[in-house]
J.: 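The structure is given below, and queries will be raised subsequently.
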Amino acid sequence: MPLRPAIPADAPAIAALIQPLAQSFLVTPDDPAAAPFWQSVGEAAERGYIESPRYRFTVAEQHGALAGFIALRDTWHVFHLFVAPAHQGEGLATRLWRQARAQAESAGGDHAAFTVNASLPAVGFYRRLGFQAAGDVHAAHGIRFQPMRLPPGCHNRRG
């Protein structure tokens, strides 16, 4: 499955992939408190992220359809990592992570750690990559998440 940088035309597929998956980590999907989250993952917002130099998106496609993607913000923060249900369990998330990590590290510069605000269902995945909890679970905009960090130089067999 080929990986490539995202382009603005990918924004509709990216937003469409996030929408149903987000149901699993929202405290209450219909809660008005989640409105800022829904706006932040809409097509216009995703297009803006893709066009911004602060973000680097990598997408995976199969037969012309989006299978998954990762986005890093400011080089070291995992902003998004989503895989379509049909491709979960195939190692695609790990493959996307490895590519994004390699690109970030090859960009150079000094960094303290990779970080992520992991949805609670994704905490185990990030732990397998070597990420560690970096504080208590937080809730904002209708979402519960675990701040996590991957210390510099932390390598494991999956990450």
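Not measured: the values here are computed from a predicted model.
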J.: According to salt bridge (Lys or Arg N to Asp or Glu O under 4.0 Å), does anything in residues 5-24 pair up with another residue at least two apart or in another chain? List the pairs.
T.: R4-D10
J.: Report yes or no: does S52 contribute a side-chain atom to a donor-acceptor pair with the main-chain N or O of G48 at less than 3.5 Å?
T.: no
J.: Answer yes or no: does atom CD of Q39 have more than 12 heavy-atom neighbours from other residues, nucleotides or ligands under 6.0 Å?
T.: no
J.: Just to verify, what does R47 make a side chain to side chain donor-acceptor pair (under 3.5 Å) with, not counting sequence neighbours?
T.: E43
J.: Please report the C-alpha distance between H80 and F69 in whole Å, then the side-chain angles of each, then the deciding distance to 0.1 Å, and finally whether the side-chain contact (heavy atoms from CB on, under 4.5 Å) criterion is met.
T.: CA-CA 8 Å; H80 284 329; F69 72 98; 3.5 Å; yes
J.: Would you mind reporting whether Q19 and W38 have side-chain heavy atoms less than 4.5 Å apart?
T.: yes
J.: Kindly give the heavy-atom pair with the smallest separation between S40 and A45, and that separation in Å.
T.: O-CB, 3.4 Å
J.: Enumerate the salt bridge (Lys or Arg N to Asp or Glu O under 4.0 Å) contacts for residues 114-125, please, sequence neighbours excluded, ordered by first and then second residue.
T.: none
J.: Heavy-atom distance under 4.5 Å between the side chains of L96 and L3, does that happen here?
T.: yes
J.: Look at the rings of Y55 and Y49 and say which category their plane angle falls in: under 30° parallel, 30 to 60° tilted, over 60° perpendicular.
T.: tilted
J.: Under the salt bridge (Lys or Arg N to Asp or Glu O under 4.0 Å) definition, can you give me all pairs with a residue in residues 138-148, not counting sequence neighbours?
T.: none
J.: Could you grab the distance from atom CG of L81 to atom CH2 of W97, nearest 0.5 Å is fine?
T.: 9.0 Å
J.: Suppose we screen for side chain to side chain donor-acceptor pair (under 3.5 Å). Which residues come up paired with E51, at least two apart in sequence or across chains?
T.: none
J.: Please test Q103 against T58 for side-chain contact (heavy atoms from CB on, under 4.5 Å), starting from the C-alpha separation and ending with a verdict.
T.: CA-CA 10 Å; Q103 289 173 341; T58 300; 3.6 Å; yes
J.: Would you say the side chain of W76 lies within less than 4.5 Å of the side chain of E105, judging by non-hydrogen atoms?
T.: yes
J.: So, for P20 and L17, which heavy atoms are closest and what is the spacing to 0.1 Å?
T.: CD-O, 3.5 Å
J.: Which residues pass the side chain to side chain donor-acceptor pair (under 3.5 Å) test with R54, not counting sequence neighbours?
T.: D74
J.: For residues P36 and P32, report the shortest heavy-atom separation together with the two atoms involved.
T.: CD-O, 4.2 Å
J.: For the residue pair I50 and P5, establish whether any side-chain heavy-atom pair is separated by less than 4.5 Å.
T.: no
J.: Are any non-hydrogen side-chain atoms of V78 and Y126 less than 4.5 angstrom apart?
T.: yes
J.: Please, which pairs that meet side-chain hydrogen bond (donor to acceptor under 3.5 Å, both in side chains) have at least one residue in residues 113-122, sequence neighbours excluded?
T.: H77-T115
J.: Show your reasoning for whether side-chain contact (heavy atoms from CB on, under 4.5 Å) applies to V123 and M148.
T.: CA-CA 8 Å; V123 167; M148 301 184 84; 4.2 Å; yes
J.: Within the structure provided, determine whether F57 and I14 are in side-chain contact (heavy-atom separation under 4.5 Å).
T.: yes
J.: Are F79 and I7 in one and the same hydrophobic cluster, where Ile, Leu, Val, Met, Phe, Trp and Tyr link if side-chain heavy atoms are under 4.5 Å apart?
T.: no
J.: Excluding sequence neighbours, so at least two apart, what forms ring pair (Phe, Tyr, Trp, His ring centres under 6.0 Å) with F37?
T.: F25
J.: Is the shortest heavy-atom distance from the side chain of L150 to the side chain of Q132 under 4.5 Å?
T.: no
J.: What's the shortest heavy-atom distance between L21 and P85, and which atoms?
T.: CD2-CG, 3.9 Å
J.: Provide the closest heavy-atom pair for V59 versus A6 in the form atom of the first, atom of the second, distance.
T.: CG1-CB, 3.8 Å
J.: When you measure from the side chain of R95 to the backbone of M1, do you find a donor-acceptor pair of N or O atoms at a distance under 3.5 Å?
T.: yes
J.: If every non-hydrogen atom of A113 is compared with every non-hydrogen atom of P151, which pair is closest and at what distance?
T.: CB-CA, 4.1 Å
J.: Are H87 and E90 close enough that some pair of their side-chain heavy atoms sits under 4.5 Å apart?
T.: yes
J.: With distance as the sole test, does E46 use its side chain to make a donor-acceptor pair with the main-chain N or O of A16 at under 3.5 Å?
T.: no
J.: The criterion is ring pair (Phe, Tyr, Trp, His ring centres under 6.0 Å); which residues satisfy it with F145, sequence neighbours excluded?
T.: H138
